[in-house]
Amino acid sequence: MKYTLEGQETERLKFRLLNIEDFNDCVELFKDIEVCRFLGVDKIETPNERCKLWFEMTFERYKNDLGGHNILLDKKTNKIIGQSGLLVREIEGKQEIEIAYSILPEYRKKGFATESTEKCKNFAFDNNYSESLISIIHTENINSEKIAKKNGMRKDKNIHFKGMSVNIYRINFSEWKK
């Protein structure tokens with residue numbers, strides 16, 4: 001499948017495709033209502049329903065070759081620490097590739113988001129998937145803006161996306177190559 005990082009690794013992480021057996025580990029992410037608001041699934045009643053929708057969307061992406069979140073495993077413990085990947089998106093009528101991630105609460109602020117998003121960026125540019133990459137970040141998600149900046153991205157514009165006010169962060173291939 002194009003755009004997925006299945007089998008890729010970083011210093012501390014292994015990437016693999018999401019599978020249904022990951023549900024119980026991933027549902028933890030959907031208990032945090034602020035994270036759910038940033039992901040646009042906060043209107044859904046329960047964490048289980050939110051996670052179910054997330055899984056369905058990811059499996060649909062895989063099936064249609066639109067990328068998708070990969071499970072991130074800690075190499076030392078082999079435990080799931082979150083998800084990260086490349087997502088094909090339509091933004092203002094143009095196809096874009098987004099670098100996206102979600103880290104489980106107990107693993108935040110340990111550099112995993114930075115490590116995984118950098119791997120996604122390098123993988124996409126190394127494979128010539130696009131001349132630029134974006135991250136779609138809710139305007140109140142300061143932590144994700146910091147990760148995008150660490151990944152060499154700059155704020156490109158503010159738009160409405162799926163009913164949310166978001167900032168589009170972008171890095172161009174020419175900036176990455178330097």
Side-chain angles (χ1 to χ4, degrees), residues 1-18 29 34-35 37-41 54 57-58 60-62 64-75 81-104 107-178:
M1 282 182 281
K2 190 173 180 181
Y3 306 115
T4 61
L5 282 83
E6 183 176 20
Q8 296 294 310
E9 295 186 8
T10 66
E11 183 180 332
R12 299 181 297 160
L13 300 171
K14 291 189 285 188
F15 288 72
R16 72 159 168 77
L17 295 181
L18 179 74
L29 180 67
E34 183 178 55
V35 167
R37 191 166 56 88
F38 294 158
L39 295 174
V41 296
W54 194 260
M57 291 187 314
T58 300
E60 192 65 21
R61 287 185 158 286
Y62 289 171
N64 293 304
D65 212 14
L66 297 172
H69 286 87
N70 302 268
I71 286 294
L72 298 173
L73 298 170
D74 182 317
K75 282 175 146 179
I81 61 108
Q83 303 176 35
S84 187
L86 300 170
L87 311 177
V88 178
R89 299 279 200 181
E90 186 171 313
I91 305 293
E92 298 179 322
K94 181 182 174 200
Q95 184 173 301
E96 302 266 13
I97 298 178
E98 178 189 12
I99 299 171
Y101 74 94
S102 299
I103 304 297
L104 292 168
Y107 298 103
R108 292 182 188 149
K109 302 211 183 273
K110 296 180 179 183
F112 291 120
T114 301
E115 190 171 330
S116 69
T117 57
E118 183 177 350
K119 179 64 177 180
C120 288
K121 173 186 69 181
N122 293 338
F123 183 79
F125 282 145
D126 284 341
N127 286 287
N128 298 310
Y129 288 156
S130 182
E131 284 299 311
S132 71
L133 302 168
I134 63 168
S135 282
I136 303 168
I137 302 173
H138 191 287
T139 54
E140 296 173 25
N141 191 343
I142 305 304
N143 289 329
S144 285
E145 287 189 347
K146 289 177 185 174
I147 300 300
K149 289 175 185 175
K150 284 182 186 177
N151 205 13
M153 298 178 129
R154 61 180 159 55
K155 185 177 171 184
D156 187 40
K157 59 186 164 185
N158 176 271
I159 64 169
H160 279 349
F161 181 75
K162 296 189 175 190
M164 298 181 293
S165 179
V166 299
N167 291 319
I168 302 294
Y169 276 75
R170 180 178 305 278
I171 185 168
N172 293 313
F173 179 80
S174 58
E175 296 166 314
W176 171 75
K177 218 174 158 183
K178 290 179 184 178

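Computed over heavy atoms, backbone and side chain alike; hydrogens, waters and symmetry mates excluded.
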Between the side chain of [X] and the main-chain N/O of [Y], is any donor-acceptor distance below 3.5 Å?
| X | Y | answer |
| --- | --- | --- |
| Asn151 | Thr117 | yes |
| Ser132 | Phe173 | no |
| Arg108 | Ala113 | no |
| Asp74 | Leu13 | no |
| Asn70 | Ser84 | yes |
| Thr4 | Met1 | yes |
| Arg170 | Ile134 | no |
| Asn167 | Ile137 | no |

When you check the gap from the basic side-chain N to the acidic O, do Glu145 and Lys155 get nearer than 4.0 Å?
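No salt bridge links Glu145 with Lys155.
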Which atom pair, heavy atoms only, marks the closest approach of [X] to [Y]?
| X | Y | value |
| --- | --- | --- |
| Arg154 | Asn172 | NH2-ND2, 3.0 Å |
| Leu29 | Leu104 | N-CD2, 3.7 Å |
| Glu11 | Glu115 | N-OE2, 3.5 Å |
| Gly68 | Tyr62 | CA-CE2, 4.0 Å |
| Gly152 | Ile171 | O-CD1, 3.6 Å |
| Leu5 | Cys120 | CD2-CA, 4.0 Å |

Mind checking whether [X] and [Y] have side chains closer than 4.5 Å, heavy atoms only?
| X | Y | answer |
| --- | --- | --- |
| Ser135 | Tyr101 | no |
| Tyr3 | Asn127 | no |
| Ser165 | His160 | yes |
| Ile81 | Ile103 | yes |
| Ile99 | Leu86 | yes |
| His69 | Leu18 | no |
| Asn143 | Lys109 | yes |
| Lys121 | Met153 | no |

Could you go step by step and tell me if Tyr107 and Leu72 meet the side-chain contact (heavy atoms from CB on, under 4.5 Å) rule?
CA-CA 11 Å; Tyr107 298 103; Leu72 298 173; over 6 Å; no
From [X] atom [atom1] to [Y] atom [atom2], the distance as rounded to the nearest 0.5 Å:
| X | Y | atom1 | atom2 | result |
| --- | --- | --- | --- | --- |
| Ile91 | Lys94 | CD1 | NZ | 10.5 Å |
| Ile168 | Glu92 | CD1 | CD | 7.5 Å |
| Glu98 | Leu133 | CD | CG | 10.5 Å |
| Glu90 | Phe161 | CD | CZ | 9.5 Å |
| Phe38 | Glu140 | CZ | CD | 6.0 Å |
| Ser144 | Ile136 | OG | CD1 | 12.0 Å |

From the options Lys119, Lys14, Lys75, select the one residue that forms a side chain to side chain donor-acceptor pair (under 3.5 Å) with Glu9.
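Going through the options one by one, the only one that passes is Lys75.
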Does the plane of the ring in Phe123 sit parallel, tilted or perpendicular to the ring in Tyr129? Use 30° and 60° as the thresholds.
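Plane angle over 60°, so perpendicular.
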List in chain and number order the residues that pass ring pair (Phe, Tyr, Trp, His ring centres under 6.0 Å) with Phe112, two or more places apart in sequence or in another chain; answer none if no residue qualifies.
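Partners of Phe112 by the ring pair (Phe, Tyr, Trp, His ring centres under 6.0 Å) criterion come out as none, since no residue qualifies.
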